[in-house]
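Since the model is a prediction, treat every value here as computed from it, not as a measurement.
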Amino acid sequence: MRVFQPVEPEEIESGAYVFDGSKMLVTSCDGDKVNTTAVSFGGVGQMWGKRVTFVCVRKNRYTKELIDASGVYSLSFLDNKEYHGAMKYLEMVSGKDEDKLKGARLHITYHDGVPFIEESSNAILCKVIYKNEIGKSGFVSPDIPEEFYKDENYHIIYVGEITKILVR
């Protein structure tokens, strides 16, 4: 008989795409309009025979408008400790009101027309293949919407086919 040892998920996660609650930046553009937002809800996997990411963006975010317009987004991964101030700034300011990338002292670069953050250690470029609003009726546990959606500002979940992975 084989013996199995219990292991916590974070003990075996590795690689550039570990979603451990750290913030990542979701970036998209529509023409010359570019925006990014810091998020922590997401993952990487396989669906419909494709390698995908899934990421959740609040309905009221400017980045959501740009993803909807362009159909593409990138996930950029920065050291959350080194860029703590930039991450906080990006969460507090709207790209509709000002150039928040400039305010956060971050820079945009492009690969195949998809914007991502120049300062990132790696980036995943994606083409949207599915999106849907996360709504109250879908929750099995009533605790989650009570904790995360008191204002009913639900997330849109985007599933994006990975088109390119860029690593420094």
Side-chain angles (χ1 to χ4, degrees), residues 9-10 12-80 82-84 86-91 93-96 99-102 104-135 138 144 148-149 153-168:
E10 57 272 10
I12 59 171
E13 290 180 335
S14 63
Y17 325 111
V18 175
F19 287 77
D20 62 358
S22 296
K23 301 281 184 187
M24 62 189 146
L25 298 179
V26 179
T27 307
S28 192
C29 68
D30 182 21
D32 61 348
K33 297 183 283 184
V34 179
N35 199 52
T36 193
T37 191
V39 302
S40 59
F41 294 180
V44 176
Q46 187 278 119
M47 289 183 77
W48 309 302
K50 300 176 185 302
R51 288 184 173 92
V52 299
T53 66
F54 66 91
V55 65
C56 299
V57 179
R58 297 267 186 190
K59 291 188 307 187
N60 66 342
R61 295 289 185 181
Y62 181 45
T63 304
K64 177 214 170 289
E65 290 180 30
L66 300 179
I67 294 170
D68 289 345
S70 68
V72 297
Y73 63 87
S74 68
L75 302 179
S76 295
F77 298 86
L78 287 81
D79 182 302
N80 278 211
E82 182 180 348
Y83 290 96
H84 177 75
M87 295 292 202
K88 292 302 278 180
Y89 184 82
L90 292 172
E91 291 176 314
V93 175
S94 173
K96 280 185 177 179
D99 182 349
K100 69 183 197 177
L101 287 159
K102 183 177 180 181
R105 297 186 181 130
L106 296 175
H107 303 91
I108 292 292
T109 191
Y110 294 83
H111 186 86
D112 292 337
V114 181
F116 65 98
I117 305 300
E118 173 69 32
E119 290 79 2
S120 62
S121 60
N122 56 80
I124 305 174
L125 311 183
C126 301
K127 175 180 70 173
V128 176
I129 59 173
Y130 177 84
K131 73 174 189 172
N132 199 9
E133 181 177 328
I134 294 174
I144 295 172
F148 291 96
Y149 301 107
N153 182 19
Y154 292 102
H155 286 98
I156 302 298
I157 186 166
Y158 292 93
V159 177
E161 179 179 5
I162 298 172
T163 59
K164 192 74 67 178
I165 297 173
L166 306 170
V167 179
R168 285 197 194 275

For a side-chain contact (heavy atoms from CB on, under 4.5 Å) check, start with the C-alpha distance between Leu78 and Met87, then their side-chain angles and the critical distance, and finish with the verdict.
CA-CA 9 Å; Leu78 287 81; Met87 295 292 202; 4.2 Å; yes
Taking all non-hydrogen atoms of both residues, which atom of Thr63 and which atom of Val26 are closest, and how far apart?
CG2-O, 3.6 Å
Just how far is it from atom CG of Asn80 to atom NZ of Lys88, taken to the nearest 0.5 Å?
11.0 Å
What residue among Thr36, Val55, Thr27, Val57 forms side-chain contact (heavy atoms from CB on, under 4.5 Å) with Tyr73?
Val55
Calculate, to the nearest 0.5 Å, the distance between atoms CG and OG1 belonging to Asp112 and Thr163 respectively.
7.0 Å
d(Leu125 CG, Tyr110 OH) to nearest 0.5 Å is 12.5 Å
Surrounding CZ of Arg51 (heavy atoms of other residues, nucleotides or ligands, distance under 6.0 Å), is the total greater than 12?
no
Note: Leu66 and Val34 closest approach over all heavy atoms is CD1-C, 3.8 Å
If you round to the nearest 0.5 Å, how far is NE2 of His155 from CG of Asn132?
14.0 Å
Which heavy atom of Thr53 sits nearest a heavy atom of Cys126, and at what distance?
OG1-SG, 3.2 Å
With heavy-atom distances below 4.5 Å as the criterion, would you say the side chains of Lys59 and Asn153 are in contact?
yes
Side chain Arg105, main chain Ala86, donor-acceptor under 3.5 Å:
no
Side-chain heavy atoms of Leu106 within contact of Glu118, under 4.5 Å
no
Arg61/Asn35 under side-chain contact (heavy atoms from CB on, under 4.5 Å): CA gap, chis, key distance, verdict
CA-CA 10 Å; Arg61 295 289 185 181; Asn35 199 52; over 6 Å; no
Lys33 side chain reached by Tyr62 side chain, heavy atoms, under 4.5 Å:
yes
side-chain contact (heavy atoms from CB on, under 4.5 Å), that's the test. Do Tyr130 and Val52 meet it? Break it down for me.
CA-CA 10 Å; Tyr130 177 84; Val52 299; over 6 Å; no
Main-chain N/O of Glu161 paired to Lys127 side chain as donor or acceptor, under 3.5 Å:
no
For Cys29 and Ser70 the tightest heavy-atom approach is O-CB, 2.9 Å
To the closest 0.5 Å, what do you measure between CD1 (Ile117) and OG (Ser74)?
6.5 Å
Which pair of non-hydrogen atoms, one from Lys64 and one from Tyr158, has the smallest distance, and what is that distance?
CG-OH, 3.1 Å
Working to the nearest 0.5 Å, report the span between CZ of Phe41 and CZ of Arg58.
6.5 Å
If you take all heavy atoms of Ile134 and Tyr154, which pair is closest and at what distance?
O-CB, 2.9 Å
Between Val44 and Leu75, does a side-chain contact (heavy atoms from CB on, under 4.5 Å) hold up when you go through it step by step?
CA-CA 11 Å; Val44 176; Leu75 302 179; 5.8 Å; no
Could you tell me whether a side-chain N or O of Lys23 sits under 3.5 Å from a main-chain N or O of Ala38, the two making a donor and an acceptor?
no
